[in-house]
Amino acid sequence: ESVMNIGDEAFYGCSSLTSITIPEGMKDIEFAAFYGCSSLTSITIPESVVSIGDDAFYGCSSLTSINIPENVTSIGDEAFYGCSSLTSITIPESVTSIGYDAFYSTAWYNDQPNGVVYVGKVLYDYKGEMSENTSIEVREGTVSISPYAFDGCSGLTSITIPEGVTSIEDETFDGCSSLTAIIIPKSVTSIGNYVFRGCSSLTFIAIPENVASIGNYAFYGCTSLTSLTIPEGVINIGNSTFYCCTSLALITIPENVTSVGNYAFYGCSSLTSITISESVKSIGSSAFAGCISLISIVIPEGMTSIGNRAFENCEKLSEVINFSDLDIKKGSTNHGYVAYYAKKVVKADDQIGDYYFYTAEDNTHYLQHYIGKDTVIVLPEDCNGDDYQIGETAFLNNDSITSVEIPQTVGTIGKSAFASCDNLAAVSLARGVMTIEDNAFENCVSLTSIVIPLNMTTIGNSAFAG
């Protein structure tokens, strides 16, 4: 049976080897196969080869030319690193992936002018010092950008990537601290590890809907990023993906995500609201630790585990709505401190529509929480056909609401139910509302209009104070 590949380190350190002909039928040249063959001057690679592995020809300092055959699709990291005599490289259009430093310290690379270096259809590297306020348009026909291509290019302010590029590889824009704008085409399906780490000037990024994976540390330290939409196709949020994105205020985890990695949102100190989809089963260790502005969270029904210290130091996390079977108790450090600071833990029984959550106690339904962002609110007429009450703090600190209409099926508005809704300007109460409890609308500083029904029996202490 014919040999189909040259294995790892097959000719490693054969410093006297001067030439080799690889037979037809060979598919892969694997890791470090000819590493350190410093006397190798020529090699014939057959048309059957489809991949050249990491470090395959590392340090072959006598090799002067290489002809990559038409069927090769990938060239690994440092594949020809240190081939200091290599002046001629033929790369076919079939190559769609070239690894980190694949041609670094070769005579060919040294002869390239400063600026963007292309190898066939691959944007391989940015060579030399980048000047301040640099904008780049990647040329049409490019199919991929190599890892580390713009690593540390602090002068890069904007870049446009054309349709046809399918992935953004590891650390491509790592440390591009002046990058404020990037256009990612719809053809991109994956974003690698550390891709935008330290892009501290990036305020917004539109991730195409076809992206199915976002790597670990992808947006680590993007301190100016204020909003981001995670595409529906993403199934996992990796470790430290949004670590210390200190300006990120709102994020929705889409329906297909099943896990949130360790430290995923650690230190996102501006994050006030997060919507976790029903599909999420696990939250990793320290995933939301240090999210000091987070005030409420809904734990979905399918949640099975919350990692150690997942919500540690979330000192404003006062409300936990729990649909899961996890035994979450106020003041407990269990389940990642999720309820350690809570003033209220609600074991939710019902959900009406997309935004309203209810509990039932002693045959009375309570609207306990609202997660929508609508400005004009018309509350549901009933809860599964029954009258209901508005529970304590149900709409507390909601800055989106400008007006609310409360139906006659609501008998009581609970304590602090709408407290500190800063933009709430108008409240309409139907005749069935009999009681407004203490502090219900306290500190609603924009409130200019409210209609009190004639049959109102109780208005509590400080109900409209402030």
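Please read these numbers as outputs of a predicted model, since none were measured by experiment.
Looking at every heavy atom in both residues, Gly466 comes nearest to Asn443 through CA-OD1, 3.9 Å. The two residues His335 and Ile328 have their closest heavy-atom pair at CD2-CG1, 4.0 Å. Of all heavy-atom pairs spanning Arg139 and Pro162, the tightest one is O-CG, 3.5 Å. Between Ser277 and Pro254 the shortest heavy-atom distance is OG-O, 2.7 Å. Nearest heavy-atom pair, Pro300 versus Val298, reported as atom, atom and distance to 0.1 Å: CD-O, 3.4 Å. Closest approach of Ala287 and Val260 over heavy atoms only: CB-CG1, 4.2 Å.
Residues Asp125 and Phe150 are not in side-chain contact: their nearest non-hydrogen atoms beyond the backbone lie 4.5 Å or more apart. Residues Phe242 and Ile237 are in side-chain contact: their nearest non-hydrogen atoms beyond the backbone lie under 4.5 Å apart. The shortest distance between side-chain heavy atoms of Asn256 and Val234 does not fall below 4.5 Å. Side-chain contact between Val165 and Val143 is absent, with no heavy-atom pair separated by less than 4.5 Å.
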Donor-acceptor pairs are to be reported for all side-chain atoms of residues 198-219 against protein atoms at under 3.5 Å, with residues two or more places apart or in another chain.
unit_1	atom_1	unit_2	atom_2	d
Ser201	OG	Ser177	O	2.6
Asn210	ND2	Lys186	O	2.8
Asn216	OD1	Asn239	N	2.8

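Residue Ile459 holds its CD1 atom at 11.5 Å from CG of Asp438, rounded to the nearest 0.5 Å. Atom OG of Ser318 and atom CG of Leu396 lie 6.0 Å apart (nearest 0.5 Å). We find the CG-CD1 distance between Asn262 and Ile283 to be 11.5 Å, quoted to the nearest 0.5 Å. Separating the CG atom in Leu367 from the SG atom in Cys383 is a distance of 8.0 Å, to the nearest 0.5 Å. Rounded to the nearest 0.5 angstrom, Asn397 CG and Ser293 OG are separated by 11.0 Å. The structure places CD of Glu319 at 10.5 Å from CD of Glu392, a figure rounded to the nearest 0.5 Å.
In the displayed structure, Ile452 atom CD1 is contacted under 6.0 Å by more than 12 heavy atoms of other residues, nucleotides or ligands. Under a cut-off of 6.0 angstrom, the local environment of OH in Tyr266 is sparse, with at most 12 non-hydrogen atoms contributed by other residues, nucleotides or ligands. Heavy-atom neighbours of Gln408 CD from other residues, nucleotides or ligands within 6.0 Å: at or below the threshold of 12. No more than 12 heavy-atom neighbours from other residues, nucleotides or ligands sit within 6.0 angstrom of OH on Tyr104. Residue-environment remark: OH (Tyr263) stays at or below the threshold of 12 foreign heavy atoms within 6.0 Å. Within 6.0 Å of atom CD in Glu255, more than 12 heavy atoms from other residues, nucleotides or ligands are found, so the atom counts as buried in its surroundings. Heavy-atom contacts from other residues, nucleotides or ligands closer than 6.0 Å to CG of Asp374 number more than 12.
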Legend entry - side-chain hydrogen bond (donor to acceptor under 3.5 Å, both in side chains) evaluation trace for Ser259 with Asn236: CA-CA 5 Å; Ser259 65; Asn236 295 303; 2.7 Å; yes
Inset, instruction - For Glu315 and Ile292, run side-chain contact (heavy atoms from CB on, under 4.5 Å): C-alpha distance rounded to whole Å, both residues' side-chain angles, the deciding distance at 0.1 Å, then the answer. - result: CA-CA 6 Å; Glu315 296 179 0; Ile292 58 175; 5.8 Å; no
Inset, instruction - Carefully, step by step, assess Thr142 and Val122 under the rule side-chain contact (heavy atoms from CB on, under 4.5 Å). - result: CA-CA 6 Å; Thr142 299; Val122 178; over 6 Å; no
Inset, instruction - Starting from the C-alpha separation in whole Å, work towards a yes-or-no answer on side-chain contact (heavy atoms from CB on, under 4.5 Å) for Ile413 and Phe441. - result: CA-CA 10 Å; Ile413 300 172; Phe441 293 91; 4.2 Å; yes
Legend entry - Test side-chain contact (heavy atoms from CB on, under 4.5 Å) applied to Gln389 and His365, step by step: CA-CA 6 Å; Gln389 298 182 17; His365 293 283; over 6 Å; no
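Checked by atom type and distance alone, the side chain of Ser187 pairs as donor or acceptor with a backbone atom of Gly164 at under 3.5 Å. Judged by distance alone, the side chain of Ser146 and the main-chain N or O of Tyr100 form no donor-acceptor pair under 3.5 Å. With hydrogens and angles ignored, the 3.5 Å screen pairs a side-chain donor or acceptor of Asn398 with a backbone N or O of Ser400. Side chain of Thr166 to backbone of Thr189: no donor-acceptor contact under 3.5 angstrom is found. A donor-acceptor pair under 3.5 Å is absent between the side-chain atoms of Tyr366 and the main chain of Phe357, judged by distance alone. For Asp101 (side chain) and Tyr81 (main-chain N/O), no donor-acceptor pair under 3.5 Å exists by modelled atom type. The main-chain N or O of Asp77 is found under 3.5 Å from a side-chain atom of Asp54 such that the two form a donor-acceptor pair. The main-chain N or O of Asn193 is found under 3.5 Å from a side-chain atom of Asp170 such that the two form a donor-acceptor pair. Judged purely by atom type and a 3.5 angstrom limit, Glu405 has no side-chain atom pairing as donor or acceptor with the backbone of Val378. At distances below 3.5 Å, not a single donor-acceptor pair connects side-chain atoms of Asp174 with backbone N or O atoms of Asp151.
Looking at Glu132 and Thr134, their side chains never bring a donor and an acceptor atom within 3.5 Å of each other. No donor-acceptor contact under 3.5 angstrom links the side chains of Glu78 and Tyr58, judged on distance only. Side chains of Ser74 and Ser51: a donor-acceptor N/O pair is absent below 3.5 angstrom, by distance only. Asp382 and Thr409 form no side-chain donor-acceptor contact under 3.5 Å, judged by distance and modelled atom types alone.
For the side chain to side chain contact (heavy atoms under 4.5 Å, CB included) with Ser135, the lone residue among Ile159, Thr157, Leu156, Thr160 that qualifies is Thr157. Tested against Phe311, the residues Tyr341, Tyr340, Tyr337, Phe288 include a single ring-ring contact (aromatic ring centres under 6.0 Å, His included) partner, Phe288.
Checked against side-chain hydrogen bond (donor to acceptor under 3.5 Å, both in side chains), Ser324 has the following partners two or more places apart in sequence or in another chain: Asn322. For the salt bridge (Lys or Arg N to Asp or Glu O under 4.0 Å) test, residues two or more places apart in sequence or in another chain that qualify with Lys121 are Glu93. Listed by chain and residue number, nothing satisfies the side-chain hydrogen bond (donor to acceptor under 3.5 Å, both in side chains) test with Ser144 (two or more places apart in sequence, or in another chain). Under the salt bridge (Lys or Arg N to Asp or Glu O under 4.0 Å) criterion, Glu312 pairs with Arg309, sequence neighbours left out. In this structure Lys343 satisfies the salt bridge (Lys or Arg N to Asp or Glu O under 4.0 Å) test with no other residue, sequence neighbours excluded.
Using the six-membered ring where Trp is involved, Phe196 and Phe173 have ring planes that are parallel, under 30° apart on the 30 and 60° scheme. In this pair, Tyr370 and Tyr356 present their aromatic rings tilted. The plane angle is within the 30 to 60° band.
With a 6.0 Å cutoff to the six-membered ring centre and a 45° limit on the axis angle, Lys127 counts as a cation-pi contact of Tyr109.
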